[in-house]
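Notes to accompany the following structure.
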Amino acid sequence: MGDMIKAWGYQGGSVDTTFTWTSQTPNTEYEIYVQCWDANGTYADMIIIPIVTKKLGGEGTAEVAIEIKESKYYEEYKAFTQRVVFTPNENVALYHASLFDASFLEKNGKDGIIEYLKAENTGSYNWDLFKVDDYEWSLEPGQKYVAAAMGKNANDEWGPINIVEFTTPATADEVIPATSSSAPALSKVAPFKGTAPVRMAKPAVPLKGVSPYASTKLLKKGVVLTGK
């Protein structure tokens with residue numbers, strides 16, 4: 001373990017120093033491992049520091065705004081995308097958000113969507129959201145969908161559900177040509193429903209604002225659900 005920390009950890013040298021980790025999950029337990037060694041490379045006893053990251057939100061009503069933004073068509077991937085932005089207010093400690101086929105709302109009603117959004121889904125990638133969620137979703141043009149979100153405040157009290165019904169345009173607001181610099185050269189794209197076009201060969205940098213992994217996007221968002 002000491003060798004791994006020495007090789008991969010932050011090295012502060014022999015003077016007082018400060019390092020800030022910036023990608024941790026709020027209200028979560030972590031351990032910081034500290035390994036010191038002398039001029040001869042002899043390790044001292046390892047120090048393990050338990051920490052808990054700060055919880056977000058306030059005690060007021062947790063609300064999440066939803067904006068349906070522009071649509072695009074990527075010629076290179078034959079993919080139609082719709083940008084949707086979920087924005088939590090200052091009282092939100094965490095929130096869940098997803099898109100649904102309109103038939104899911106028709107069959108299951110608002111209560112069905114509430115039940116889905118309140119589920120813990122602890123194995124899903126980024127199911128718990130904390131900041132603005134801004135993605136292009138790979139959807140079908142000219143179809144009806146539902147965007148929905150619910151948030152908890154600092155007291156773990158759920159706020160009201162926000163549901164926005166929308167229809168994707170038959171023609172995208174913007175067409176991105178295959179030769180455009182806005183469309184990076186991806187080796188293979190999987191146009192899963194509920195996912196944005198992504199690179200499949202490697203876990204690489206995706207289109208701006210687009211989830212990098214098809215599989216994790218499916219887990220995070222839950223496939224666009226139907227009323228079946």
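Values below: every heavy atom of this structure, side chains too, minus hydrogens, waters and symmetry copies.
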Partners of E75 by salt bridge (Lys or Arg N to Asp or Glu O under 4.0 Å), sequence neighbours excluded?
none
Residues two or more places apart in sequence or in another chain: which of them pass side-chain hydrogen bond (donor to acceptor under 3.5 Å, both in side chains) with Y30?
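If we apply the side-chain hydrogen bond (donor to acceptor under 3.5 Å, both in side chains) test to Y30, skipping adjacent residues, there are no hits.
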Mind checking what makes side-chain hydrogen bond (donor to acceptor under 3.5 Å, both in side chains) contact with N155, not counting sequence neighbours?
none
Does [X] reach the side chain of [Y], with side-chain heavy atoms less than 4.5 Å apart?
{"X": "F80", "Y": "E140", "result": "no"}
{"X": "L105", "Y": "I113", "result": "yes"}
{"X": "P160", "Y": "E63", "result": "yes"}

Under 4.0 Å between a Lys/Arg side-chain N and an Asp/Glu carboxylate O for D156 and K55?
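Here D156 pairs with K55 in a salt bridge, since their nearest N and O are under 4.0 Å apart.
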So, E136 and R83, do they make that salt bridge, N to O below 4.0 Å?
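Salt bridge: no.
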Interatomic spacing from [atom1] in [X] to [atom2] in [Y] - rounded to 0.5 Å:
{"X": "Q82", "Y": "F166", "atom1": "CD", "atom2": "CZ", "answer": "5.5 Å"}
{"X": "F100", "Y": "N108", "atom1": "CZ", "atom2": "CG", "answer": "9.5 Å"}
{"X": "T25", "Y": "F130", "atom1": "OG1", "atom2": "CZ", "answer": "5.5 Å"}
{"X": "I47", "Y": "C36", "atom1": "CD1", "atom2": "SG", "answer": "5.5 Å"}
{"X": "Q11", "Y": "F19", "atom1": "CD", "atom2": "CZ", "answer": "12.0 Å"}
{"X": "K144", "Y": "T168", "atom1": "NZ", "atom2": "OG1", "answer": "11.0 Å"}

If only atom types and distance count, is the side chain of T17 paired as donor or acceptor with the main-chain N or O of V15 below 3.5 Å?
no
For T28, does its backbone N or O pair with a side-chain atom of T53 as donor and acceptor, under 3.5 Å?
yes
What heavy-atom pair brings [X] and [Y] nearest, and what distance separates the two atoms?
{"X": "A93", "Y": "L56", "answer": "CB-O, 3.2 Å"}
{"X": "V146", "Y": "A102", "answer": "CG2-CA, 4.1 Å"}
{"X": "E59", "Y": "N91", "answer": "N-OD1, 4.0 Å"}
{"X": "M150", "Y": "W158", "answer": "O-CZ3, 3.6 Å"}
{"X": "P141", "Y": "A170", "answer": "CB-O, 3.7 Å"}
{"X": "Y145", "Y": "D101", "answer": "CD2-CA, 4.2 Å"}

Cluster link [X] to [Y], ILVMFWY, side chain under 4.5 Å:
{"X": "M4", "Y": "I48", "answer": "yes"}
{"X": "Y135", "Y": "L94", "answer": "no"}
{"X": "V52", "Y": "W21", "answer": "no"}
{"X": "V85", "Y": "V164", "answer": "no"}

Steps toward side-chain contact (heavy atoms from CB on, under 4.5 Å) verdict (N153, V92)
CA-CA 5 Å; N153 66 10; V92 173; over 6 Å; no
Name the orientation class of the two ring planes belonging to Y74 and Y77 (parallel below 30°, tilted from 30 to 60°, perpendicular beyond 60°).
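Tilted, since the angle between the ring planes falls between 30° and 60°.
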Would you please classify the geometry between the Y95 ring and the F86 ring as parallel, tilted or perpendicular, with 30° and 60° separating the classes?
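F86 and Y95: tilted rings.
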State, without any angle test, whether T42 and N40 hold a side-chain donor-acceptor pair at a distance under 3.5 Å.
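Note: T42 and N40 side chains miss the donor-acceptor criterion.
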Distance-only polar pair, side chains of Y73 and D173, donor-acceptor under 3.5 Å
no
